[in-house]
Amino acid sequence: MSEPSSKPAFPRKHAAGCPFDPAEDYQGFRENDPVARVSCPAGVDAWLVTRYDDVRTVLGSSALSSSVPPIAHADPQAVFDDPVLPGSILQLDGAEHVRLRRLLTAEFSVKRIQALRPHIQQVIDSHVDAMLESGGPVDLVRALALPIPSLVICELLGVPYAQRDRFEKQSAIMSSVDVDPVIAKQADVEIMGYVRDLVHEKMRDPGDDLTSRLIRRSEESPRPLTVDELVMLVLSLLVAGHETTTNMIALGTTVLLRHPDQVEALRTEPGLLPSAVEELLRYLTIVHFGLFRSVTQDIPLGAETLRAGDWLIAALASGNRDASVFSDADRLDVRRRPAAHLGFGYGAHQCLGQQLARVELQQVFGTLFTRVPTLRLAVPVEELDFKDDSVVYGLHSLPVTW
Amino acid sequence: MHVTIDEDGCVGAGQCALAAPEVFDQRDEDGIVVLLDETPAPHLHEATRAAATLCPALAIHLAE
Ligand code: HEM
Ligand code: SF4
């Protein structure tokens, strides 16, 4: 598998000049080699798909499989032949994937999530109160970006909040590449054990929470989920619903602070918040390494033919900066007319939690910049500690003051 | 404009119900798309087109 390769390397770093821009190489790929062969850190070659239209085409195609480790292309220690565990919604294909997804879609519908708005606002208000009381400077990641989404998803799932520290620590380890495999394995085992306890508890004593409703819905379905499947599914929600929104809050705040005119626009015209959040999702594309897939049937793409068995990377970050779709694509513009960005992916696996993420982000940014109008970074941008190696791009900490 | 939907293809992402709530809703039981208006009035056409483009499953079809 690991033939030495003279092909260009998969661009694994952000642009040298700007921590918010994807690697400069992507523009060249889009213009000259939109369906390129690249070599990945793990020693395999893959197709790198960089144009917006092509990214949508491949992610919408049934000739691709998700049953590969989601970031193996970016991980030097990737293992490619681990079996897909039952209940791994992100890695299953076709009917097996639909079976799991349909048990959850009701929970994340637009109406369901809109109904949570007032409660989410209360959670945000109480965290902003606490931050203001403590006095600056504070680490915005610890004060807001981590606890808000964490509390919201834990409440939704019925996880006692007292358990969240344990969960957060393991989740951060799980989502890193370049982490000691032994430590990663331990984190996996620990968090699985914890979720297993939760599932058993909800089976015994159901409550008014997503986990209990999922168990009931599954029992009423033609092929109920096994306990292993339930554990994996709940774990996927816990992890997916946590790191992502946290990092969007931290990075989004940072990038907005560098565009005071746009913050001012949001303060005076709160109606811009929804489009601002879509624009931040596009501009920042925090699932920054893109989506990794394997090809299961030969398909033509541009001038190339992708062959069954090939690896493929759908570069969300590149498609989201494709100037043929987004004019002046490297500019952040909260007034940009909403277009179908790729920040939540595309196709059958497009983010299940997107409505929740939207509401959380709209309300966090709406609240933060109105209640703390003098908010500013407490250190120069150059000193910020970006998560270059994580599945999800973000910040380890964000010192701010006001 | 005439709208049709493919319930089997729908993955319940809710993009349509967000973009054009007058035309699309989601079922309470499973979040799958519900077509509220097969022939939306002209002032809804733009939002309906946006919903069709946003749908990650190509489950919304328009005949214009
Ligand atoms: C700003 C925040 C978020 C971003 C940028 C984001 C991004 C993504 C992306 C790109 C995918 C597609 C993965 C693939 O196709 O391989 C995805 C899937 C998923 N997301 Fe999110 N996500 C966010 C928030 C959330 C939240 C709050 C939840 C809540 C539980 C969530 C749950 C999921 C789940 C369960 C999947 C898998 C869906 C499937 O495989 O069918 N996400 N997300
Ligand atoms: S946007 Fe498409 S996939 Fe999502 S709910 Fe509507 S029809 Fe279904």
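Numbered from 1 within each chain, the chains take letters A, B, ... in sequence-line order.
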Exercise for the section: Pick whichever of B:Pro21, B:Ala19, B:Gly12 has the most heavy-atom pairs under 4.5 Å with chain A. Expected result: B:Gly12
Practice task
Let me know if A:Gln114 has heavy atoms under 4.5 Å from chain B in its side chain, its backbone, both or neither.
Solution key: side chain
Handout entry: Donor-acceptor pair, side chain of A:Thr105 and main chain of B:Asp30, under 3.5 angstrom
Key = yes
Practice task
Check whether any side-chain heavy atom of A:Gln354 lies under 4.5 Å from a side-chain heavy atom of B:Leu18, and answer yes or no.
Solution key: no
Handout entry: Exercise: identify the closest heavy-atom pair between B:Glu29 and A:Arg217
Key = O-NE, 4.1 Å
Completion exercise
Nearest heavy-atom contact between B:Leu58 and A:Tyr346 is CD2-OH, 3.5 Å
Practice task
Report the C-alpha distance between B:Gln26 and A:Arg112 in whole Å, list the side-chain angles of each, state the deciding distance to 0.1 Å, and finish with yes or no for side chain to side chain contact (heavy atoms under 4.5 Å, CB included).
Solution key: CA-CA 10 Å; B:Gln26 290 172 278; A:Arg112 261 305 169 80; over 6 Å; no
Problem - Nearest-0.5 Å distance, CD1 of residue B:Ile32 to OG of residue A:Ser109 - result: 10.5 Å
Handout entry: Heavy-atom neighbours of B:Glu46 CD exceed 12 at 6.0 Å
Key = no
Problem - Note: A:Lys111-B:Asp28 ion pair, threshold 4.0 Å (strictly below) - result: yes
Problem - Minimum-distance pair of heavy atoms, taken over all atoms of B:Ala13 and A:Gln355 - result: O-NE2, 2.9 Å
Completion exercise
Minimal heavy-atom distance between B:Glu7 and A:Arg102, with the atoms involved, is O-NH2, 2.8 Å
Completion exercise
Contact list (residues 33-44 of chain B to chain A, heavy-atom gap under 4.5 Å, by number) returns none
Exercise for the section: Carefully, step by step, assess B:Thr53 and A:Arg56 under the rule side chain to side chain contact (heavy atoms under 4.5 Å, CB included). Expected result: CA-CA 11 Å; B:Thr53 312; A:Arg56 286 199 9 150; 4.0 Å; yes
Handout entry: More than 12 heavy atoms of other groups within 6.0 Å of A:Asp328 CG
Key = yes
